[in-house]
Amino acid sequence: MHPALDWQEDDPSSALMFSTPHDPPRPARLVRMPGELPMAVAAAIWRGDQLGGPVSAVLSSGFEALDAQLPGGGWPCHGVIEILASQSGLLEWRLLGPALRQVCAAGRAVVVVGPPKAPHLPGLRFEGIDERHLVWVRADTAAERLWSAEQLIKANACGALVVWLPQARSEQVRRLQVLAASCEGPVFLCRPSAAVRESSAAPLRLLARVGLDWELHLDIFKRKGPPLQDTLRLGSVPGGLRAILTPRLRFPSRLLPSDISREAGHVVVSTPAPDRPHRAVH
């Protein structure tokens, strides 16, 4: 027999096995446990009790505590992000300012559609938002706002889109979500806090409000993962006030009675009338 060939009898069937010295070793066979999925399949599965991983690009929110609770570690692109707030037109800039600053720094446009108040350019400059990259679309009616948002999403014309649709219907939100799948930047949909009771196709929904000591309080009640049980408290001093706030005014809660400072949300103290007790107005 040729010296390079071996004859072996491995089993009762007397099968012949031939090998040469130049054959590469055969890789070891991967043995899976019963019910175990292939690695590629297991990586693509998301379980509802876990925080979802990134399925697209993300944009950092600028708040470490918030990024830690967002799937993928930031505002997701290619989708709608719904922000609900009772103080429409004010709180959104404080929450989105750090992310919009990144979009402007990259040379892309930030487009706002139908804000309830005119953007205050000096204040936005303090947040690092360059007005040269800010586009304000004036749209008074809901139909105009919706049409403008759809065209901007279809054209992929901006690095970030912020649109106010206080009376958006569920089918309209669903349409924006479908269109946003092909949009590279995040689409922020601003609605009133009462919409928290309505269903929405947006994969990420947050309820935002102002807290004491220049904080933002966020409740993430819909995300790719379990709802967040605790309220996030984010430090958010407006840019124009950082340099002039005294240590005393940095913590307004210390100037209020203890029973008021413990209450959540934005508190305005009214001037007491003569012979009437001090009263807090929410």
Side-chain angles (χ1 to χ4, degrees), residues 40-48 50-64 66-85 92-93 95-115 129 133-135 137 139 145-165 168-191 195 198-208 218 220-228:
V41 176
I45 293 178
W46 163 66
R47 293 174 171 82
Q50 301 174 352
L51 189 62
V55 295
S56 63
V58 296
L59 178 66
S60 174
S61 69
F63 300 96
E64 292 185 7
L66 178 56
D67 284 346
Q69 300 298 334
L70 295 176
W75 298 122
C77 302
H78 304 283
V80 171
I81 303 162
E82 200 168 340
I83 299 176
L84 311 181
E92 296 91 339
W93 292 108
L95 176 61
L96 302 180
L100 301 183
R101 177 170 60 242
Q102 300 173 56
V103 176
C104 293
R108 300 210 63 188
V110 172
V111 182
V112 295
V113 178
I129 300 175
H133 299 292
L134 180 66
V135 180
V137 178
R145 296 177 184 179
L146 183 62
W147 183 87
S148 299
E150 290 180 356
Q151 304 311 308
L152 288 164
I153 294 174
K154 289 178 182 178
N156 195 21
C158 49
L161 173 64
V162 187
V163 56
W164 281 261
L165 284 174
R169 300 192 301 271
S170 58
E171 61 269 20
Q172 294 173 336
V173 178
R174 186 180 303 108
R175 176 176 173 81
L176 290 177
Q177 170 61 23
V178 172
L179 294 175
S182 59
C183 184
E184 295 180 1
V187 177
F188 298 99
L189 179 59
C190 303
R191 303 182 64 196
E198 302 176 7
S199 62
S200 172
L204 178 60
R205 305 184 75 195
L206 304 91
L207 178 63
L218 296 183
I220 305 177
F221 60 95
K222 182 182 180 182
R223 61 178 176 174
K224 190 178 180 182
L228 184 63

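Everything quoted here is computed from the prediction, not taken from an experiment. Heavy atoms only: backbone and side chains are in, while hydrogens, waters and symmetry mates are out.
Judged by distance alone, the side chain of Glu184 and the main-chain N or O of Cys77 form no donor-acceptor pair under 3.5 Å. Looking only at distances, a side-chain donor or acceptor of His78 sits under 3.5 Å from a matching main-chain atom of Ala181. In this structure, Ser182 contributes its side chain and Leu179 its backbone to a donor-acceptor pair below 3.5 Å. With hydrogens and angles disregarded, no donor-acceptor distance shorter than 3.5 Å links the side chain of Asn156 to the backbone of Cys183. Side chain of Gln69 to main chain of Leu66: no donor-acceptor pair is present (N/O by atom type, distance under 3.5 Å, no hydrogens or angles). Judged by distance alone, with hydrogens and angles left aside, the side-chain atoms of Arg101 form no donor-acceptor pair with the main-chain N or O of Ile129 at under 3.5 Å. Put simply, the side chain of Lys222 never gets that close to the backbone of Glu82: no donor and acceptor are under 3.5 Å apart.
The aromatic rings of Trp164 and Trp93 lie tilted to each other, with the angle between the two planes from 30° to 60°.
Scanning both residues, Val58 and Pro71, for their nearest heavy atoms gives CG1-O, 4.2 Å. Taking every heavy atom of both residues into account, Pro76 and Pro186 meet most closely at O-CB, 3.7 Å. The nearest pair of heavy atoms linking Glu92 to Cys190 is CG-SG, 3.6 Å. Between Leu176 and Ala149, the shortest heavy-atom contact is CD2-CB, 4.3 Å. Minimum interatomic distance between Gly62 and Pro98 (heavy atoms only, all atoms of both residues): CA-CB, 3.8 Å. Closest heavy-atom contact between Arg169 and Glu171: NE-OE2, 2.6 Å.
The environment of CD in Glu64 is sparse: at most 12 heavy-atom neighbours from other residues, nucleotides or ligands sit within 6.0 Å.
Remark: Glu198 engages Arg191, Ala195 in a side chain to side chain contact (heavy atoms under 4.5 Å, CB included) (not counting sequence neighbours).
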Run the side-chain contact (heavy atoms from CB on, under 4.5 Å) test on Val135 and Val110 for me, step by step, so that the C-alpha distance in whole Å, both residues' side-chain angles and the decisive distance to 0.1 Å come before the verdict. CA-CA 6 Å; Val135 180; Val110 172; over 6 Å; no
Run the numbers on Val103 and Arg108 for side-chain contact (heavy atoms from CB on, under 4.5 Å), then give the verdict. CA-CA 6 Å; Val103 176; Arg108 300 210 63 188; 3.8 Å; yes
Could you give me the CA-CA distance, side-chain angles and deciding distance for Leu95 and Phe188, then say whether side-chain contact (heavy atoms from CB on, under 4.5 Å) is met? CA-CA 11 Å; Leu95 176 61; Phe188 298 99; over 6 Å; no
Start with the C-alpha distance between Ile81 and Leu206, add both sets of side-chain angles, then the distance that settles side-chain contact (heavy atoms from CB on, under 4.5 Å), and finish with yes or no. CA-CA 8 Å; Ile81 303 162; Leu206 304 91; 3.9 Å; yes
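Using a 4.5 Å cut-off on side-chain heavy atoms (C-beta onward), Leu228 and Arg223 make contact. Put simply, the side chain of Val187 does not reach to within 4.5 Å of the side chain of Leu152, judged on heavy atoms. Between Val162 and Val113 the shortest side-chain heavy-atom distance does not fall below 4.5 Å.
Here CZ of Arg175 is found 13.0 Å from CD of Gln177. Values are rounded to the nearest 0.5 Å.
The side chain to side chain contact (heavy atoms under 4.5 Å, CB included) test with Ile83 singles out one residue from Leu96, Leu207, Leu189, and that residue is Leu96.
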